[in-house]
Amino acid sequence: MRVPVPSPSARSSLARRCPGSDVLAEDGRASSLKRETGCVRLGGGRPVLGGLCRTGVKGKLAQSLPPVAQRSRGLSQRPPWRVLFFGSDDFAVESLKLLHASRGERAVVDLLEVVTLSSSVPVRKYAEEHKLRVHDWPDVDFSGQFDVGVVVSFGCLLQERVINRLPYGILNVHPSLLPRWRGPAPVFHTVLHGDKFTGVTIMQIRPKRFDVGPILSQEIYPVPEKITAEELGASLAIVGAQLLVDTLRNLPERIAHRREQAKEGATFAPKISSSLSWLTWEEQTCEEIGRLFRAIGSRTPLRTVWMGRTIKLLDFVGECQPFLGSHSATVPGSVLYQKESNTLLVRCKDGWVGFKTIKLKKRLSAADFYNGYLHQSFLNKSPSQES
């Protein structure tokens, strides 16, 4: 069972009662990481917060729901729920798959319909293949009398009138430990900044601003070394789908015990710009270049300028050591070809990084680039720098 994140006072109390527990420190960092199938659960031993006391839940719930819910008759107090799903990309598909699979015996979901964008997005493809009703945003038919909405990687800000049409509001699956990395690209920034752990947050959305609503559940996920943003996103999509279904199993209790996001520790994760791909050899370390490649390399190749021409640097192999004696005097941007490993080496701020392939007019191996373009007269000179 996933465990919802306690309030600051509850976390302090939990830490006193269970010194060995895996709890979030006040700055949002983990005091310790407990590896269980790649995840760390908040709370140690018996899931202290997993069996939240139901006493007084009904009284709190009335204050927690949108106004339209408080006026509704016959409001369902337990699953299965009638769910309206908003999503678009592959990250969202994982949650949609698990919701779709959560129907039937001991169901969490009763009715499931989908709101999505263009005809080419993965969510629409999945919905149509599995005969789920699809609504074209923004033309949403609410005649299905839904209990709760779920939005995952949708990309559109939902208006207050839409949120209030759903008695339990709209839940969001966000791949970070909010309030860290609010915004559209949390996974990329997690890798780019070298975070040691990340996670998934289930929150209720609020109108007018992204990623600021109250938190219902969180789960920590240690970031494996050398993982790419694409690989991390795929892992968090699965963790998020499971945490979403667990939250829906006890939705009224989770809402009653929700907590507002901390004001401290909030960071923003803007969309990744192609301008980030330009390397500045004298300013960036081997580690920073490696993180940049793992964050954006699958979408945007790293770039530099050589002899006035743009070169795309592909097949990054990480930090390298040249076999040609001492090169301590070489300046950042200096280029070497290492025949033994068929690797093009470039000097950066604190060492050398290697690439197996480059792209000029076409893809070239390091050997082809050396034989066709490099010359002894400029072998150890710097490529031109992007201004």
Side-chain angles (χ1 to χ4, degrees), residues 28-30 33 35 37-40 87-97 121-123 151-155 172-202 210-211 218-244 265-280 284-304 312-319 348 353-357 359:
R29 296 285 177 175
L33 293 179
R35 296 182 180 272
T37 63
C39 298
V40 176
S88 60
D89 62 12
D90 288 320
F91 184 88
V93 168
E94 289 298 328
S95 289
L96 181 58
K97 283 181 181 179
V121 297
V123 161
V151 58
V152 186
S153 194
F154 187 53
N172 175 229
V173 180
H174 186 82
S176 80
L177 295 175
L178 291 171
R180 185 165 177 80
W181 301 133
R182 293 172 176 168
V187 177
F188 292 100
H189 286 275
T190 294
V191 174
L192 182 63
H193 290 81
D195 289 5
K196 299 300 182 183
F197 66 93
T198 183
V200 177
T201 300
I202 308 297
F210 285 107
D211 306 329
Q218 283 187 316
E219 183 162 334
I220 298 175
Y221 186 86
V223 180
E225 290 187 12
K226 309 302 181 184
I227 196 170
T228 66
E230 189 173 16
E231 293 165 342
L232 181 59
S235 296
L236 292 179
I238 296 171
V239 173
Q242 295 168 343
L243 189 60
L244 170 65
T267 56
F268 184 62
K271 289 182 179 180
I272 295 296
S273 168
S274 61
S275 63
L276 282 176
S277 66
W278 289 104
L279 295 176
T280 307
Q284 292 170 295
T285 66
C286 296
E287 173 63 24
E288 289 169 342
I289 293 171
R291 294 202 306 257
L292 180 61
F293 178 81
R294 294 193 300 274
I296 71 172
S298 63
R299 297 191 177 195
T300 305
L302 303 186
R303 294 180 290 176
T304 189
K312 295 179 180 179
L313 302 164
L314 312 174
D315 299 333
F316 178 73
V317 297
E319 185 174 3
C348 60
V353 290
F355 301 88
K356 291 285 189 180
T357 309
K359 187 173 183 180

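Numbering of residues begins at 1 and proceeds along the displayed sequence. Bear in mind that the values here come from a model prediction, so they are computed numbers and not experimental data.
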**Prompt:** Is there a side-chain contact between I202 and N172, using heavy atoms and a 4.5 Å cut-off?
**Reply:** no

**Request:** Would you check if the side chain of R291 reaches a backbone N or O of L192 as a donor-acceptor pair within less than 3.5 Å?
**Result:** yes

**Message:** Treating D315 as the side-chain partner and F355 as the backbone partner, does any N or O pair qualify as donor plus acceptor under 3.5 Å?
**Reply:** no

**Prompt:** Any side-chain heavy atom of L302 sitting closer than 4.5 Å to one from K312?
**Reply:** no

**Fill in**
Output for pair (F188 CZ, R299 CZ), nearest 0.5 Å, gives 3.5 Å

**Euclidean distance, T198 OG1 relative to H193 NE2, rounded to 0.5 Å** = 13.0 Å

**Prompt:** Going by heavy atoms in the side chains, are F154 and V123 under 4.5 Å from each other?
**Reply:** no

**Asked** Hey, are W181 and D195 close enough side-chain-wise for a donor-acceptor pair under 3.5 Å?
**Response** yes

**Message:** Would the distance check show the side chain of D89 and the main-chain N or O of A92 forming a donor-acceptor pair, the cut-off being under 3.5 Å?
**Reply:** yes

**Prompt:** Would you say T300's side chain and I296's backbone share a donor-acceptor pair under 3.5 angstrom?
**Reply:** no

**Asked** Just by distance, do the side chain of T285 and the backbone of E288 share a donor-acceptor pair under 3.5 Å?
**Response** yes

**Message:** Let me confirm one number: the CG-CD distance from L292 to E287, rounded to the nearest 0.5 Å.
**Reply:** 11.5 Å

**Item:** Any Q218 side-chain heavy atom under 4.5 Å of V200 side chain
**Value:** no

**Asked** Would the number of heavy atoms belonging to other residues, nucleotides or ligands and lying under 6.0 Å from CD of E230 be above 12?
**Response** no

**F91 backbone acceptor or donor facing E94 side chain under 3.5 Å** = no

**Heavy-atom closest contact (V173 atom, G240 atom, distance)** = CG1-CA, 3.8 Å

**Item:** Straight-line distance of T190 OG1 to K196 NZ, nearest 0.5 Å
**Value:** 13.0 Å

**Item:** Side-chain (Q242) to main-chain (V239) donor-acceptor, under 3.5 angstrom
**Value:** no

**Message:** Run F293 and V353 through side chain to side chain contact (heavy atoms under 4.5 Å, CB included) and show every step you take.
**Reply:** CA-CA 11 Å; F293 178 81; V353 290; over 6 Å; no

**Prompt:** Are a donor atom and an acceptor atom from the side chains of R303 and S277 found within less than 3.5 Å of each other?
**Reply:** yes

**Prompt:** Crowded around K356 NZ? As in, over 12 foreign heavy atoms under 6.0 Å?
**Reply:** yes

**Message:** Could you report the tightest heavy-atom contact between A295 and V191, atom names first, then the distance?
**Reply:** N-CG1, 3.8 Å

**Prompt:** If you look at every heavy atom in A266 and R182, which pair is closest and at what distance?
**Reply:** CB-NH1, 3.9 Å

**Message:** Using only atom types and a distance under 3.5 Å, with no angle test, would you say the side chain of E231 pairs donor to acceptor with the backbone of I227?
**Reply:** no

**Asked** Looking only at heavy atoms, which two atoms of S153 and S88 are closest? And how far apart?
**Response** O-OG, 2.6 Å

**Prompt:** Do the side chains of H189 and I272 get nearer than 4.5 Å, heavy atoms only?
**Reply:** yes

**Message:** Tell me if a side-chain donor or acceptor on T201 pairs with a main-chain N or O of S176 at a distance below 3.5 Å.
**Reply:** yes

**Request:** State the CZ-CZ distance between R180 and F197, to the nearest 0.5 angstrom.
**Result:** 8.0 Å

**Nearest non-hydrogen partners of A229 and V187, listed with the distance** = O-CG1, 3.3 Å

**Message:** Could you report the tightest heavy-atom contact between K359 and L314, atom names first, then the distance?
**Reply:** CB-CD1, 4.2 Å

